[in-house]
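Here is the structure we will look at.
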Amino acid sequence: MILILIIGLLFALGGIIFLAWLFVLFPPSTPKSKNFKKQLLPSPARTPRVRLPKNLKKHLNNIEYASQVLLELRSITQLAKLPVVIATLRRISPYVFEELVLTCCFEQGWQIQRNFRYTGDGGIDGRVLILGKLYVIQVKRYADYISPEHIKDFLSCIESERASGGFFVHTGITGQLSKQFIRDSDEIILVSGQKLVNFVLGKQLKIIGITIPVKSVKSYQ
């Protein structure tokens with residue numbers, strides 16, 4: 001009886017070893033999953049010049065945090081006057097501010113193209129397509145006067161990108177010289193002060209010569 005039991009155990013052990021050997025030689029094939037990055041990214045326009053970041057999580061966290069800031073501001077609309085909105089935008093990370101602006105552009109109904117690197121972007125923080133025309137975006141989170149040199153540099157960026165124009169978005173103060181540079185150019189659209197507040201709260205951004213219906217912004221009441 002004991003001998004039969006031992007023989008049975010040996011056969012069972014041999015069977016297990018044989019199955020393990022087959023598993024090593026012929027591993028089961030697994031279907032390839034879709035690229036998770038394409039599933040998670042917020043629908044940017046993909047071009048060959050856009051590279052996905054090594055640290056995708058950092059970008060996604062910034063986009064999510066930007067959405068939370070918008071949620072907070074729009075939930076207190078009656079209190080979100082210019083000082084409150086500008087002060088809030090000045091407190092957040094400049095990278096979060098970039099993502100917040102691009103999210104607001106998306107809500108305007110524009111096709112957005114996010115940068116997937118925060119350094120070495122050539123002075124361009126994002127791109128949008130409006131009626132098939134390319135516009136570039138530069139975002140400055142300042143508490144003081146913006147530099148006129150930044151305006152001149154941004155004009156060079158617009159020309160190098162062969163864009164139809166550019167949005168210069170900032171939380172600072174536009175000095176007279178900077179205003180003169182902007183007036184002399186028909187390519188720069190300044191978004192600051194009350195116009196920035198309205199933009200952040202989801203109101204349609206009026207652009208001379210361009211009228212686009214704004215997408216319905218979710219109610220945060």
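Keep in mind that the numbers below use all heavy atoms, side chains included, and drop hydrogens, waters and symmetry copies.
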Determine the minimum heavy-atom distance between [X] and [Y], stating which atoms define it.
{"X": "Phe106", "Y": "Ile112", "result": "N-CG2, 3.6 Å"}
{"X": "His170", "Y": "Gly172", "result": "ND1-N, 2.9 Å"}
{"X": "Ser185", "Y": "Ile188", "result": "OG-N, 3.8 Å"}
{"X": "Gly193", "Y": "Leu82", "result": "C-CD1, 3.6 Å"}
{"X": "Glu161", "Y": "Leu134", "result": "O-CD2, 3.9 Å"}
{"X": "Gly126", "Y": "Asn115", "result": "N-ND2, 3.9 Å"}

Spatial distance of atom [atom1] ([X]) from atom [atom2] ([Y]) [nearest 0.5 Å]:
{"X": "Cys104", "Y": "Leu196", "atom1": "SG", "atom2": "CG", "value": "8.5 Å"}
{"X": "Gln108", "Y": "Gln204", "atom1": "CD", "atom2": "CD", "value": "6.5 Å"}
{"X": "Ile124", "Y": "Gln138", "atom1": "CD1", "atom2": "CD", "value": "8.5 Å"}
{"X": "Ser93", "Y": "Leu100", "atom1": "OG", "atom2": "CG", "value": "11.0 Å"}
{"X": "Leu155", "Y": "Phe168", "atom1": "CG", "atom2": "CZ", "value": "10.0 Å"}
{"X": "Gln194", "Y": "Lys81", "atom1": "CD", "atom2": "NZ", "value": "8.5 Å"}

If you define the side chain from C-beta out and look only at heavy atoms, does anything of [X] sit under 4.5 Å from [Y]?
{"X": "Leu205", "Y": "Lys195", "result": "yes"}
{"X": "Phe97", "Y": "Val169", "result": "yes"}
{"X": "Glu72", "Y": "Gln68", "result": "no"}
{"X": "Lys58", "Y": "Asn61", "result": "no"}
{"X": "Glu99", "Y": "His59", "result": "yes"}

Run Val200 and Leu70 through side-chain contact (heavy atoms from CB on, under 4.5 Å) and show every step you take. CA-CA 7 Å; Val200 167; Leu70 290 174; 3.7 Å; yes

Name the residue from Thr103, Asp125, Asn62 that meets the side-chain contact (heavy atoms from CB on, under 4.5 Å) definition with Arg114.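 Single pass found, and it is Thr103.
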
I'd like to know if the side chain of Ser75 and the backbone of Leu71 have a donor-acceptor N/O pair within less than 3.5 Å.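 Judged by distance alone, yes, a pair lies under 3.5 Å.
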
**Q.** CZ/Arg183: more than 12 non-hydrogen atoms of other groups inside 6.0 Å
**A.** yes

- Item | Transitive ILVMFWY side-chain link Ile173 to Leu177, under 4.5 Å | no

Worksheet item: Applying the 4.5 Å side-chain criterion to the ILVMFWY set and letting contacts propagate, would Tyr145 and Tyr142 be lumped into a single cluster?
Response: no

Legend entry - Test: Arg74 and Glu107 ion pair at under 4.0 Å: yes

**Step-by-step side-chain contact (heavy atoms from CB on, under 4.5 Å) determination, Leu102 to Gln113** = CA-CA 8 Å; Leu102 286 166; Gln113 183 185 88; over 6 Å; no

Sorted by chain and number, sequence neighbours left out, ring-ring contact (aromatic ring centres under 6.0 Å, His included) with Phe167 holds for Trp110, Tyr135

